[in-house]
Amino acid sequence: MSRPGAYVLLEDGARFDGESCAAAGHAVGEVVFTTGMSGYQESLTDPSFAGQLVTFTYPHIGNYGVSQEAMESERIWARAAIMREAVNREDAPGAERGWLDWLTDCGVPAITGVDTRALVRHIRDAGTMRGGIFTDDVPESRARELVVAEPPMAGQDLARLVTPAQAHTVAAAGDPRDRLRIHAIDTGIKGSIVRNLVQRGAEVTLHPCTVTSDELLATDADAFFLANGPGDPAALGYVVQTVRELIGKRPVWGICLGHQLLCQAVGLETYKLPFGHRGGNHPVKDLRTQRIEITSQNHGFAVRAPDGGGRVEADEPVRWQTDFGEAALTHVNLYDRTVEGLELLEVESATVQYHPEAGPGPNDALYQFDRFLDAVRSA
Ligand SMILES: NC(=O)CC[C@H](N)C(=O)O
């Protein structure tokens, strides 16, 4: 079956040709890339990718199909997939559907045959930017209008797009009296984060991102969790204020966007990275133990150090005073020395920029879930 000609167009005019291979129509948004060699289904269903078109650097995408267990939420949140060679394999062990059949049924456009190496090199040099995928019948002038009509990622509150309408609780079987009660501000939480908490004996209540601190403090929470999620953390001042009112009242832990929210709550700033960290091979050093773990990452913004810089050159924790007592930057990315973890030393609170749950990626950091829940138990 011949596929319609298609192309990727970036807002700076760069064009990369290919063929349309999934749902009809075009898609526009922020064009990003992930270096993960597997986990294409987890990536597209991670709410953190809302508003983005995902370019896969790994050339062969779809080669083990899709399955329900790989879902990070109930739907695809990414706007499109950009690939070198898309595969629609239905007979792979464990596969329930072919990758392209699934994308098509979900109404998600995709493009294959793209020189993804050239596209990624362009994004690395010029920075992440808006773009779109279009079939050849769309004139480039029209495509450009559609691309620049899309708001840039910076300044966008996309948490509201993915947050649940009302609170709901997820728990494992067993005696409810034995469970730790974790209440999360759900800015787009990944299913594997919830699963990792529940598997360790917690019950997790997911609240809309507009939940107030009064509402959360009125619950029976043993601790609060700040979730991952899409968009610009600097556009979530209302959530940062909620977090400020929670710190010190009960333990607070967070991942990725949650890390960025807590860091803003203690006075740090966030900023947009040139092209973000997305993939499963990012080495992160724990400055307290000097231990290095290979981590899964998916973020386009990062946290500035207390001195306002984007890099942490020190090889031990950077400590400073905040409104909540002494704090320490605890983890650093060894690729670019950016901030990857924070701990408050006088109240029970810690966050990481990377994804200990993987989903997809390596499991080096799964211990973080045990560390968090042990801290809650002993609080
Ligand atoms: N996975 C996330 O939580 C991403 C956080 C934020 N949206 C960023 O891009 O940096």
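Ligands are counted one by one from 1 in listed order, and the atoms in each one are counted from 1 as well. None of the values given here were measured: they were computed from a predicted structure.
Cation-pi geometry between R84 and Y58 is not met: the NZ or CZ atom fails to fall both under 6.0 Å from the ring centre and inside 45° of the normal.
Judged purely by distance below 3.5 Å, without hydrogens or angles, the side chains of T295 and E293 never pair a donor atom with an acceptor atom. When only modelled atom types and interatomic distance are considered, E72 and T45 share no side-chain donor-acceptor pair under 3.5 Å.
Residues F369 and W253 bring their aromatic ring centres within 6.0 Å. The six-membered or imidazole ring of F33 lies near that of F275, with a centre-to-centre distance under 6.0 Å.
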N/O donor-acceptor pairs under 3.5 Å from side chains in residues 254-269, not counting sequence neighbours:
unit_1	atom_1	unit_2	atom_2	d
H259	ND1	T351	OG1	2.9
Q260	NE2	F301	O	2.9
Q260	NE2	Q353	OE1	3.3
Q264	NE2	P233	O	3.0
Q264	NE2	Q260	O	3.4

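Closer than 4.0 angstrom to ligand 1 by heavy atom are S48, N228, G229, P230, G231, C256, L257, Q260, N298, H299, G300, F301, H355, sorted by chain and number.
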